[in-house]
Each structure stands twice: as C-alpha cells, then as structure tokens.
2 protein chains.
Amino acid sequence: MRKTVLTFGLLILALLLLFQVSKYAIIGGSLRMEYALAAVALVFFFVGIYLNKKSLSKKHLPPNKIDRQKIMALELSKREYEVLKEIALGLSNREIADKLFLTESTIKTHVSNVLLKLNAKRRTQAIQIAKALQII
Amino acid sequence: MRKTVLTFGLLILALLLLFQVSKYAIIGGSLRMEYALAAVALVFFFVGIYLNKKSLSKKHLPPNKIDRQKIMALELSKREYEVLKEIALGLSNREIADKLFLTESTIKTHVSNVLLKLNAKRRTQAIQIAKALQII
DNA sequence: ATGGCACTCATACTAAAGTACTAAAATGTC
DNA sequence: GACATTTTAGTACTTTAGTATGAGTGCCAT
C-alpha cells in the first residue's frame, strides 16, 4: 500500500515536470509543438498500460495456484500427495506403481490413506475434493 | 481480425485529428497549451488502458467455459455427456443411477460409451481428458 | 538409543468398474 | 409409417479399486 502511494506520487511528479519542461521549451522556441504533444502522448500511453496491468494482475491471477497450507492441514505426506497428483492425471494403480518404481501394494496403501484424509469414498471423488480445495 | 484492423485504423485517425485540431487551436490562440497537452495526455492514457485490456482479455479469460463444438465432434449423446459430468463430480455408477432414476446397468453402458468416445481407459482418465478438452 | 513416523510390501478379501453382446422401447426424421 | 438413433436394461465375465491387517526398514528428533 505504501509502495503504491509512493509510485503514484513519483509518477505524477515526473509527469508534471515533463509538462512544464515541454511548455517552456515550446515558448522558448527550442522545441516544436508536435514533438511535445507526441512525447506527452507516448508517456501517458505507457502509463495507462502500466497502471492497467497493475490493477489487473491483482484480480485475475488467483483462480489457480496450489494451497500448501491445506495440504499440511490435511496431514498428507509427500508420497501421498504425489500419488494424489497421479490419480488426478487418470493413472491406474498399476501405472502409478511403474511410474514411481513401487509395487501396486504400496500404491494401494497410499491411495487408501489419501481417501481417508480427503474423506473421499472413491478416487474420482478425491480428485473433485482436491480441486475444490485447490491442492492440485 | 478484420475488426481489430478497423478499430485500430479508426483510433489512429481520431488521434491524428485531435493532434491537428489542438495544434491549430493553440496557434490561433483560442486554446491554452496546457489544456491541449492535458487533453492529449488523457486520451492516450485511456487508449493505453483500452488496448492493454484488449490484449490481456484474449490471453487470460479462456481458462473456463465449455466447448459445445467438441462435444458434438466427439459424438457424445445428451445422456452420455450427462453421465460424464456426474463422473467428474466423483459419483459411483450406483449413485449416478439413483440420481438419474436409471439402473446401474444403463449407467455402465453409458460409461463404456463415454470411455470409448473419449479414448480413455478409466473414468479418472476420462475426467482428465474432458477437462483438457474444455467440455466440462 | 529408541520411540514415532513415513514408506514400503504382502496376503486375502470385498466391492466397484469396465467389457462384450444382445435386445426391447422411445424418439426423432424423412 | 418406416428407418435410424438414442436410451434403456440385462447377463456373464474380467479387471481394477479399495479395505483390513501385519510387518520390516530407514530416518529423525529427544
């Protein structure tokens, strides 16, 4: 917040300066009016783009990004979370086992634990819950 | 594309007009230079914002919204698509059957057809594919 | 060093999911 | 009305998924 105010202040100051400089330069005859107008136009054009980007970036980005806080709160271990991600990719237990160089037994154990911790009855429900919680 | 070119052309024309008008108005003495500069600054400021918003809206908005074209292209029937959505909600065949007042047999038939048409081996993979295709 | 925890794996089941095929209504189209 | 789809449903299996339980290993913190 303080940073925003400071940036704004500096910007306005710089612009007023540009304003005055161009005004007196024109009166003094050392600067053509077209150039002054073009310079002002260009500067404000980019200021508009800059400010717009600033305000948009704070309202459009938060639809994704994973929530590590919730993963901890659910007490999901590293392996369990890893398996959960593979489930969401649509892999079978066999395929996950091969991918992670483990046996299907181990994967089943992890899956069971994930379902318990996410309070899901099926892996498809686990996917839905995980997405709702923004942990995948 | 043609629309974009047209908009751009009109904008540039309008700006050149503003440019010339302000220049001659100042020379004629009917307009103070400060006002001309302020006007140009304001216009370009908003043009900057406008153009920026245009370019961003085409890169940030499309993360959602379903693609009915693809649903048709995949030849998914109404029922099959309905079942697919329930699968994505994490329901079992039994639960889907109860929800749609059908038997589990019927749901299995639909599910098998959905898997075939989406080229998926499992329902979890069907979810992943459907999301990638933006049909759910 | 030891008790706790995460990770690994196994066996033995039970329960879902998925396949293959068949077939009768229901629906919409020409 | 005839024809093509869609929707519904069934039987009979095969394959995955999921549960329960036990147990060995490695790691880390007290």
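So you know, we letter chains A, B, ... as the sequences are listed, proteins then strands, and number each from 1.
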Roughly, in whole Å, what's the span from [atom1] in [X] to [atom2] in [N]?
{"X": "R122(A)", "N": "dT19(D)", "atom1": "CZ", "atom2": "P", "value": "10 Å"}
{"X": "K78(B)", "N": "dT6(D)", "atom1": "NZ", "atom2": "P", "value": "10 Å"}
{"X": "R123(B)", "N": "dG18(D)", "atom1": "CZ", "atom2": "C1'", "value": "14 Å"}
{"X": "K117(A)", "N": "dA6(C)", "atom1": "NZ", "atom2": "P", "value": "6 Å"}
{"X": "I107(A)", "N": "dT16(D)", "atom1": "CD1", "atom2": "C1'", "value": "14 Å"}
{"X": "N113(B)", "N": "dT5(D)", "atom1": "CG", "atom2": "C1'", "value": "12 Å"}
{"X": "L116(B)", "N": "dT19(C)", "atom1": "CG", "atom2": "P", "value": "7 Å"}
{"X": "E104(B)", "N": "dT11(D)", "atom1": "CD", "atom2": "P", "value": "13 Å"}

*Out of dA17(C), dT8(D), dT8(C), which has the shortest distance to the side chain of R79(B)?*
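Nearest nucleotide to the side chain: dT8(D).
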_Of T124(B) and T109(B), the one whose closest DNA chain C nucleotide lies more 5'_ =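 Checking each residue's closest nucleotide, the 5'-ward one belongs to T124(B).
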So, is [X] near the phosphate of [N], with a side-chain N or O under 4.0 Å from OP1 or OP2?
{"X": "T106(B)", "N": "dT7(D)", "answer": "no"}
{"X": "N93(B)", "N": "dA16(C)", "answer": "no"}
{"X": "T103(A)", "N": "dT8(C)", "answer": "no"}
{"X": "S105(A)", "N": "dC9(C)", "answer": "no"}
{"X": "S112(A)", "N": "dA20(D)", "answer": "no"}
{"X": "H110(A)", "N": "dT8(C)", "answer": "yes"}

*Closest contact, heavy atoms only, I136(B) versus A88(B)*: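 For I136(B) versus A88(B), the nearest heavy atoms are CD1-CB, 3.8 Å.
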*Would you name the heavy atoms of K108(A) and N93(A) that are closest together and state the gap between them?*
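That would be CG-ND2, 3.9 Å.
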*asked:* I'd like to check R79(A) versus L102(A) (side-chain heavy atoms, cut-off strictly below 4.5 Å). Are they in contact?
replied: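 Heavy-atom side-chain distance check passes, below 4.5 Å.
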_Check: T103(A)/T106(A) side-chain N/O donor and acceptor closer than 3.5 Å_ =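 Yes, a side-chain donor-acceptor pair sits under 3.5 Å.
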*Closest-nucleotide 5' rank along DNA chain D - winner of L102(B) and K108(B)*: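 Its nucleotide being nearer the 5' end, the pick is L102(B).
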*Salt-bridged, E82(B) to K85(B), with N to O below 4.0 Å?*
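No.
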